[in-house]
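Below is one structure, written out as structure tokens; comments come after it.
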Amino acid sequence: MLSGDIPPNQTIYIKNLNEKIKKEELKRSLYCLFSQYGRILDVVALKTPRLRGQAWVAFLEVASASNAVRQMQNFPFYDKPMRIQYAKTKSDCIAEAEGTLAPKEKKRKQEDKAERKRRGDEGQQPATENGAAAENGGRTAPSRHGNSNAQEAAAPNNILFIENLPHETTSDMLELLFKQFAGFREVRMIDAKPGIAFVEYEDDIQSSIAMQALQGFKVTPQNAVAITFAKNLSPSNSYRLRHALTPMKKLSLTVAMNNPFDILTDEIIHAVLDHLDDDPFTRKSFSLVCKSFYLLERLHRKSLKPLRSELLHGVLHRYPSISHLDLSCCPRVNDPLLASLSASWKSTLRSINLSRSRHFTATGLRRLAENCSFLVEIDLSNGTELTDVAAEAVAEAKNLERLMLARCKLITDIGIGCVAVGCRKLRLLCLRWCIRITDLGVGFIAVKCKELRSLDLSCLPITEKCLPPILQLQHLEDLVLEGCLGIDDEGLATLNHSCKSLKTLNLSKCQNISHVGLSSLTNGAEHLKQLVLAYGPAVTTDLGKCLLNYSRLKSIRLDGCLVTCSATKAIGSWCASLTELSLSKCSGVTDECVSFLVQSHRELLKLDITCCTKITYASIDCITRSCTSLTSLRMESCSLVSEDAFLLIGQRCQFLEELDVTDNEINNEGLKYISRCSKLRSLKLGICSNITDDGLTHVGSGCPKLKELDLYRSRGITDAGIAKIACGCPAMEMINIAYNDKITDSSLISLSQCLRLRILEIRGCPRVSTVGLSTIARACRELEVLDIKKCVDINDNAMFALGQFCQNLRQINLSYCSVTNAGLLSLANTNRLQNITILHLAGLTQNGLAAALLACGGLTKVKLHTSFKPLLPKYIFEHMEGRGCVFHWRNKAFQVEIDPNGWQLHVGKTP
DNA sequence: AGCACA
């Protein structure tokens, strides 16, 4: 090791530091960097010819120093790898703390230094006598820096000296000003000397903070106060200053002078960072505050979602503590990359998402599983090329708790058998669409992995034969058997076990299971909370009665089922109340059913009655009367519900956060009432042709929290309505105003106030142009998804603006716009573009397209017109597909214009 | 490469 023969020491010695970094910054950064290993007593760095590029960090504990020597060895710090050893001698601050720093020793040290200096300087400086050299050096030092003693600032202390006060200032006035800061003690003024004052705080840090905050404060327009530390301290204060400050406090004080944030301890900053974890933008702003925040953020960062795999190599060393790696934006992840990341984050990596990545094999997975022994989660969904060898490699991850293998269609019972043997700690396993896995593999899993909590077996060719061991799992809470057509009533009747721990059961699309099978399967499942029976057999009275066995049931989804009225009456006659009920697309649901249900489930929070086409005003009356705490109501296409029903929603359901009334008869009066729901976050008003700007005005003034608004084909609206929305809903993240022919640039200009806008759909708005979109691009820098299909007046200039300002753009549909080669190419500047659709761009040539495709390095999905296929050189496809991009070809004919009376499009001929 | 505390 680099520490060589030097015995362990509380202090570490670091060399090969970047000599360009200023001393104070270097000390501060070292402090930040090393405080992860323990309490630091002092950081020493000097810029003298002999000592530049080196530093000492003194820890309270030897163990901290040892860890620092080992773990930070060669850590790239200001672009240079640090070389770390134990220090050869004891630091003075430690000797002082131990009470062993004798004055004698100090003197001896000084002499040593003088001696060395003399020897080192031979030939360059005339030799001087020992004592004289030492003393002289001490005295001349300040004058070298060009500061006379008289002008030199006093050392930081607890008393501030205030100058340039208006003569009429009283101590009361000053007290008011200075007592806002913690630690305030008193103001002292001298009658004979107007214009100055002394303000005392409890300690130097508190006085420093007040100084920072009030420096230059204008008491009157002419009197900006000047604050310095007081110079002539009373004897008691000067004693305090000499003895109360530990070396570390001195350091943090010097630091506080430059940056007020630096007086925060690392623990506090880490606690702040813990709360920022899921928001990349906040973290980014955080690390831009100052260099030490930047550094700490790097060290603290635990999750990473790189936009491209090429970028990953560069950050392997930058972020030493990554535990969660999301590679879902990286279509190409090869074995060497898996090997190097698993080497870098060997002891930290706990979770990795490879669900959208390809080009790796069992070899890479094996390295991952072997290196990262703390790995608990791997998402390999969509690994359609992965075989049993890959599953065998995954089985090396002995601590794995969550494994997602959805659509790994080549993996068989053999592969899953390896996983069962290797990963005994599995708690969650998703085998959805692993169509080669049969009863054998599933049964084996259930026998071996006793810790399983959650098991997804959707669409597997399994039968009831694999169920007995599954139902014996002691902790199983979540079982998904969606689309398992091999399981039927007859088979289920053979079961004699029940799973008591089961909390959620999903039997959607299980056409062969009726209430008979359901009760055999859930016999004794007294903790069942959620039941999904969507798209299954008819919901009959018997089924309804069967549900009565589960007294703790909170949520039922019956989407797409034929529901009889008597069945809903049975469901309605429970004593306990459901919180979530979905009846979307249930044919057979009438007002009578709904009324019955909601009257006995008054605690309902979420209700979905999408496409319950028979219900009317009466249902809405009943729902809103009974379920006043409703937070989500989805009722798209309930076309018999009359316009006055919507008033009731606004009057009675003040807690609504989500409302979908797409394709309903709602009018402005209804919107007026609905805008009383001030908690509304999502409002869908697509194809609501009765609403106009008046209605939107109400929404704009009543729903300040709105994040999502859908006005697709709500053809009564104009720019004036959008202006009210833009003004009243600053939190807006997603807006759809597609196919509204009255919308112009003016709407886009108003929407540019919504700085958090992420998704903008203006497809088929023929009157918007480059001007409007460029304004959006300049203002809404978080834009991720943009649909401008058929906006024929949008041209290259708008693309230039997007390329310049919208660095987060992920997805764009440009079909039928007036964009040409140059505009398309400029989108490559956004760096993050993954998904692009271009059918019919008149100004685009094959060379322009080829150049743009190559330039947009992060593309994962490209939708093009078939006519381009033979025109592009073959190597383009090879190259793009090699990078992980998938091409989708469409052969739609050129569509000329939008039918002003509806959404049927005239189909014209190709140009 | 270089081990100090100003």
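Residue numbering restarts at 1 for every chain, and letters A, B, ... go by the order of the sequence lines.
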Can you check the [X] [atom1] to [N] [atom2] distance for me, whole Å?
| X | N | atom1 | atom2 | answer |
| --- | --- | --- | --- | --- |
| A/Leu26 | B/dA4 | CG | P | 17 Å |
| A/Asn16 | B/dG2 | CG | C1' | 11 Å |
| A/Tyr13 | B/dA1 | OH | P | 11 Å |
| A/Lys23 | B/dC5 | NZ | C1' | 10 Å |
| A/Asp42 | B/dC3 | CG | P | 19 Å |
| A/Asn18 | B/dG2 | CG | P | 19 Å |
| A/Ile14 | B/dC3 | CD1 | C1' | 12 Å |
| A/Asp92 | B/dA6 | CG | P | 8 Å |

Where A/Ser309 and A/Cys330 come nearest, the two heavy atoms and their spacing: N-SG, 3.5 Å
Least distance between heavy atoms, A/Asp203 atom then A/Asn158 atom: C-CB, 3.6 Å
N/O donor-acceptor pair, side chain A/Glu96 with base B/dA4, under 3.5 angstrom: no
Check: B/dA4 base within 3.5 Å donor-acceptor of A/Ser91 side chain: yes
A/Arg52 vs A/Leu46, nearer the 5' end of DNA chain B by closest nucleotide: A/Arg52
Side chain of A/Glu19 (C-beta onward), nearest among B/dA4, B/dG2, B/dC3: B/dG2
Shortest side-chain distance from A/Gln85, nucleotide among B/dC3, B/dC5, B/dG2: B/dC3
A/Phe374 six-ring face occupied by A/Arg350 cation (under 6.0 Å, within 45°): no
Sugar-phosphate only, base, or nothing, as touched by A/Leu51 at under 4.0 Å among non-hydrogen atoms: sugar-phosphate
NZ (A/Lys22) with more than 12 external heavy atoms under 6.0 Å: no
Aromatic plane relationship, A/Phe59 with A/Phe34 - under 30° parallel, 30 to 60° tilted, over 60° perpendicular: perpendicular
